[in-house]
There are 2 protein chains.
Amino acid sequence: VCEADVYLIKNGNKELFMESVDIVEPEESDSRYRLVSIFGEQKTIQGRITLMNLVNHIILFEKNTDVS
Amino acid sequence: VCEADVYLIKNGNKELFMESVDIVEPEESDSRYRLVSIFGEQKTIQGRITLMNLVNHIILFEKNTDVS
C-alpha cells in the first residue's frame, strides 16, 4: 500500500509525526492539514508542506516558529 | 511504485495534469509546486493542494481563478 510517513521539522529537528498516512487534506487555513492513516486514525498537523517524496513514502512539513 | 497522478481543478473542471509523480516540492511561493515524475520529467503547477489520497494515487490541486 502506498501510504507515507509524515515528518515535522520544528526548530531544525525532524520528528516523525504520523506513520502510514493515506489522506492529507488542508483545513480552512492552508497551514493546518488533516491527516488520516490507513488504519483510520486522524491527526491535525500545523505547518507548511516542504517536500513530498512518494516513492520513498515521505512527506515533510515544517513549522516556522520564527514568524513574527 | 508509489507515485501518484496529479489532477488540477480549474473553473470546476478536473483535468489530469501529470502522471506518475514522485516528488512534489513548493517553489518560493506556496502556490507553485515543482513536480517530478518517476521518469524524471519536471513540470510546475500553480494552485493549492486540496486533497492527497495516497492509497488511491491521487493528488488534487485547485487553481482559484476568482481571486481578485
Side-chain angles (χ1 to χ4, degrees):
Chain A
V1 189
C2 287
E3 71 277 6
D5 294 332
V6 169
Y7 293 86
L8 179 62
I9 298 170
K10 205 171 148 181
N11 302 322
N13 299 312
K14 179 172 150 187
E15 56 186 44
L16 179 62
F17 186 84
M18 193 180 193
E19 285 181 302
S20 304
V21 171
D22 173 17
I23 292 172
V24 179
E25 195 173 24
E27 300 203 329
E28 291 113 68
S29 151
D30 272 357
S31 60
R32 285 172 68 92
Y33 292 82
R34 188 173 70 99
L35 309 176
V36 185
S37 78
I38 57 169
F39 310 110
E41 286 177 288
Q42 294 199 29
K43 279 176 96 169
T44 299
I45 190 167
Q46 256 194 300
R48 59 186 283 274
I49 293 169
T50 54
L51 183 67
M52 290 190 255
N53 191 314
L54 301 176
V55 171
N56 291 332
H57 302 248
I58 291 172
I59 302 176
L60 287 187
F61 284 80
E62 192 166 347
K63 189 168 182 178
N64 188 351
T65 49
D66 296 332
V67 169
S68 52
Chain B
V1 190
C2 286
E3 71 277 6
D5 294 332
V6 169
Y7 293 87
L8 179 62
I9 299 169
K10 203 170 146 181
N11 301 321
N13 298 313
K14 179 173 149 186
E15 56 186 43
L16 179 62
F17 185 84
M18 193 179 194
E19 286 180 300
S20 304
V21 171
D22 172 18
I23 292 172
V24 179
E25 195 173 23
E27 301 203 329
E28 291 112 71
S29 150
D30 272 357
S31 60
R32 287 171 67 94
Y33 292 83
R34 187 173 72 98
L35 308 177
V36 185
S37 79
I38 57 168
F39 310 111
E41 286 177 288
Q42 294 199 28
K43 280 177 96 170
T44 298
I45 190 167
Q46 256 193 301
R48 57 187 284 273
I49 293 169
T50 54
L51 184 66
M52 290 190 255
N53 191 315
L54 300 176
V55 171
N56 291 332
H57 302 247
I58 291 170
I59 302 177
L60 286 186
F61 285 80
E62 192 165 349
K63 189 169 179 177
N64 188 351
T65 51
D66 295 332
V67 169
S68 51

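Being a predicted model, the structure only gives us computed values, none of them experimental. Labels below follow one simple rule: chain letters A, B, ... track the order of the sequence lines, proteins then strands, and each chain is numbered from 1.
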Stepwise side chain to side chain contact (heavy atoms under 4.5 Å, CB included) check, B/V55 with A/I38
CA-CA 8 Å; B/V55 171; A/I38 57 169; 3.7 Å; yes
Starting at OG of B/S20, measure out to CG of A/L54 and round the result to the nearest 0.5 Å.
11.0 Å
Which bit of B/I58 comes within less than 4.5 Å of chain A, counting heavy atoms only: side chain, backbone, both or neither?
neither
Report which part of B/I59 has an atom under 4.5 Å of a heavy atom belonging to chain A: side chain, backbone, both, or neither.
side chain
Hey, any chance [X] and [Y] share a hydrophobic cluster, counting ILVMFWY side chains that come within less than 4.5 Å of each other, even indirectly?
{"X": "B/M18", "Y": "B/V36", "result": "no"}
{"X": "B/V6", "Y": "B/I23", "result": "no"}
{"X": "B/L60", "Y": "B/V24", "result": "no"}
{"X": "A/Y33", "Y": "A/L8", "result": "yes"}

Side chain to side chain contact (heavy atoms under 4.5 Å, CB included) partner of A/E25, the single match among B/L51, B/I49, B/T50
B/L51
Report the residues that fulfil side chain to side chain donor-acceptor pair (under 3.5 Å) with A/E15, sequence neighbours left out, ordered by chain and then residue number.
none
Are B/N53 and A/D22 side-chain neighbours, meaning at least one heavy-atom pair lies under 4.5 Å?
yes
